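So the structure is just underneath, and the comments pick up after that.
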2 protein chains.
Amino acid sequence: MTPDLDTVFSALADPTRRRILTMLLEDDMAVTDVAEPFEMSLAAISKHLTILAGAGLISQEKRGRVKWCKLEPDALKGASVWMQGFGQFEPVNLDAFEAFLAQELGDSPD
Amino acid sequence: MTPDLDTVFSALADPTRRRILTMLLEDDMAVTDVAEPFEMSLAAISKHLTILAGAGLISQEKRGRVKWCKLEPDALKGASVWMQGFGQFEPVNLDAFEAFLAQELGDSPD
DNA sequence: GGCATCGTCAACCATTTGGTTTAATATACT
DNA sequence: AGTATATTAAACCAAATGGTTGACGATGCC
């Protein structure tokens with residue numbers, strides 16, 4: 001049921017898809033709205049969303065003619081556990097992520 | 001300097017490469033020895049190792065005619081931090097990883 | 001009904017990926 | 001010197017990837 005690591009990691013390997021995930025951190029979005037900031041066709045974004053959904057990283061629900069996309073962070077669990085096994089890093093550094101996010105979004109998180 | 005997330009995640013997206021990393025968890029290895037358990041040419045493994053090295057996930061040092069491969073877990077830091085930002089998972093579960101490892105290696109860790 | 005909007009499908013294209021095989025290079029052994 | 005071993009390089013190939021455009025099926029609005 002949980003998608004395999006292949007699927008999850010290769011979904012994460014594309015910058016467009018990671019940017020989409022970052023956008024969805026803030027709120028659920030319709031496909032068209034996800035596509036808006038990208039200089040790329042709607043069809044291309046639609047494909048990226050299909051890949052993210054296939055990896056379980058988002059879910060999509062159609063209400064009316066609008067399809068809503070929602071982040072599903074649990075899909076990262078398996079991959080995260082796998083990676084952590086190598087690290088024995090210092091306990092996960094959320095601050096570093098906040099900093100990354102601020103830069104990624106181009107404005108400060110709330 | 002730190003390789004970007006694209007490079008790291010796409011390096012991790014291949015099962016052969018993940019298996020190589022898992023092998024290197026146990027000890028440093030020569031290219032030929034890394035290749036041994038795979039049903040794949042040595043050249044193919046050599047390429048995989050180049051990709052892993054490009055992502056910073058391993059380092060390679062040539063001593064004599066043997067090239068030693070060494071895990072570089074720090075390269076996972078950036079990716080790990082990125083992922084954790086989505087999760088707010090329960091604190092990293094090393095036990096789950098041990099279990100995974102045991103299965104992956106086909107024998108119990110020491 | 002008629003029109004605009006939301007999203008996907010299908011066909012197509014260029015590039016990348018993951019593998020092969022054969023040859024070449026460098027080091028070590030006797 | 002000659003041979004064997006360790007590794008990469010080069011050329012090639014099939015399949016996957018990430019994009020495009022244009023047509024199409026739903027849904028909503030007047």
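Since this is a predicted model, take the numbers as computed values, not measurements. Chain identifiers are assigned alphabetically (A, B, ...) following the order of the sequence lines, protein sequences preceding nucleic acid strands; residue numbering begins at 1 within each chain.
Out of D/dT20, D/dT7, C/dT8, the shortest distance to the side chain of A/Ser41 is found at D/dT20. The side chain of A/Asp14 approaches D/dG18 more closely than any other nucleotide in the set D/dG18, C/dG7, C/dC9. Here C/dG19 is the nucleotide among C/dG19, C/dT21, C/dG7 with the atom lying nearest to any side-chain atom of B/Thr16.
A donor-acceptor contact shorter than 3.5 Å links the side chain of A/Ser10 to the backbone of A/Asp6. Side-chain atoms of A/Thr22 come within 3.5 Å of backbone N or O of A/Arg18 as a donor-acceptor pair.
Note on B/Thr32: a side-chain N or O is less than 4.0 Å away from OP1 or OP2 of D/dT7. A sub-4.0 Å separation between OP1 or OP2 of D/dT8 and a side-chain N or O of B/Ser46 is present.
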Self-check item: Criterion side chain to side chain contact (heavy atoms under 4.5 Å, CB included) on A/Gln60 and A/Val31, from CA distance to verdict
Solution: CA-CA 9 Å; A/Gln60 295 184 288; A/Val31 174; 4.2 Å; yes
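Minimum interatomic distance between B/Leu5 and B/Gly78 (heavy atoms only, all atoms of both residues): CD2-C, 3.9 Å. Heavy atoms only, all atoms of each residue included: A/Ile58 and A/Cys69 are closest at CD1-CB, 4.4 Å.
Between the C1' atom of C/dC9 and the NE2 atom of A/His48 lies a distance of 17 Å, rounded to the nearest Å. The separation between A/Trp68 atom CH2 and D/dT27 atom C1' is 15 Å, rounded to whole Å. The nearest whole Å value for the distance from the CE atom in B/Met40 to the C1' atom in C/dT20 is 11 Å. Atom NZ in A/Lys47 sits roughly 14 Å away from atom P in C/dC13 (whole-Å rounding). Atom-to-atom, CZ of B/Arg19 to C1' of C/dG18 comes out at 16 Å; the value is rounded to the nearest Å. To the nearest angstrom, C1' of D/dG18 lies 13 Å from CG of A/Leu52. C/dT16 atom C1' lies 10 Å from atom CD1 of B/Ile51, rounded to whole Å. Distance, B/Met29 CE to D/dT7 C1': 15 Å, rounded to whole Å.
Within 4.0 Å of B/Arg63, counting heavy atoms only, lies no atom of the nucleic acid at all. Residue contacts for B/Ala30: at a heavy-atom cut-off of 4.0 Å it reaches the sugar-phosphate backbone alone, with no base atom in range.
For the pair A/Ala43 and A/Val66, both in contact range of DNA chain D, the more 5′-proximal nearest nucleotide belongs to A/Ala43.
In the interface, the side chain of A/Arg65 is paired with the base of C/dT5 through a donor and an acceptor atom under 3.5 Å apart. A donor N or O paired with an acceptor N or O is not found under 3.5 Å between the base of C/dG7 and the side-chain atoms of A/Lys62.
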